[in-house]
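One-based numbering along the sequence shown.
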Amino acid sequence: MHITPFHKNNFDAVAAIYAEGAQTGVSSLETSKSTWEQWDVKFLKPCRFVALVDNQVAGWYALSSFYKGVVEDTIYVARKFRDKE
C-alpha cells in the first residue's frame, strides 16, 4: 500500500468508493453524489490522501473544516479492500 496526496485525477475512484459507502446507509447523511467542484471546496487541500494498492485507489482520507479550529475526518475504504491485512 502506498499513501499519496489526492489529486483531481483520483476523483472518479474516490467518488465511486464514497458511493459504495453511502449505499450502506450508515456512512453519510448525504444522499447525492458530489461534483468535483463541491468536493474540492468541502475538503481541505493539504489534508486529502488516497491509499493505492497495485496502482488502484483502495481508499481515501480527508479533513474538512467543522468550525473554527476544529476539523472532521472522513475515511472510506473500497469494498474489495476491506478486511485485508
> Is there a side-chain contact (heavy atoms from CB on, under 4.5 Å) between V77 and I17 once you walk through the steps?
Replying inline: CA-CA 7 Å; V77 176; I17 293 167; 5.9 Å; no

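For D73, the side-chain contact (heavy atoms from CB on, under 4.5 Å) partners two or more places apart in sequence, or in a different chain, are Y61, L63, I75. Qualifying salt bridge (charged side-chain N to carboxylate O under 4.0 Å, His left out) partners for K80, counting only residues two or more places apart in sequence or in other chains: none. In this structure, F49 has no ring-ring contact (aromatic ring centres under 6.0 Å, His included) partners at least two apart in sequence or on a different chain. Evaluation of the salt bridge (charged side-chain N to carboxylate O under 4.0 Å, His left out) rule for D40 yields K45, R48 as partners, not counting sequence neighbours. For V53, the side-chain contact (heavy atoms from CB on, under 4.5 Å) criterion is met by M1, A58, F81, not counting sequence neighbours.
With values rounded to the nearest 0.5 angstrom, K42 atom NZ is found 15.0 Å from E37 atom CD. The OG1 atom of T74 sits 6.5 Å away from the OH atom of Y76 when rounded to the nearest 0.5 Å.
Considering only heavy atoms from C-beta on, L52 comes within 4.5 Å of T4 through its side chain. Between W39 and Y18 there is no side-chain heavy-atom pair separated by less than 4.5 Å.
Within the structure, the side chain to side chain donor-acceptor pair (under 3.5 Å) test picks out no pair touching residues 63-72 (sequence neighbours left out).
For F43 and W60, the ring centers sit closer than 6.0 Å to each other.
When hydrophobic clusters are built by joining Ile, Leu, Val, Met, Phe, Trp and Tyr residues whose side-chain heavy atoms come closer than 4.5 Å, directly or via intermediates, W36 is grouped together with V50.
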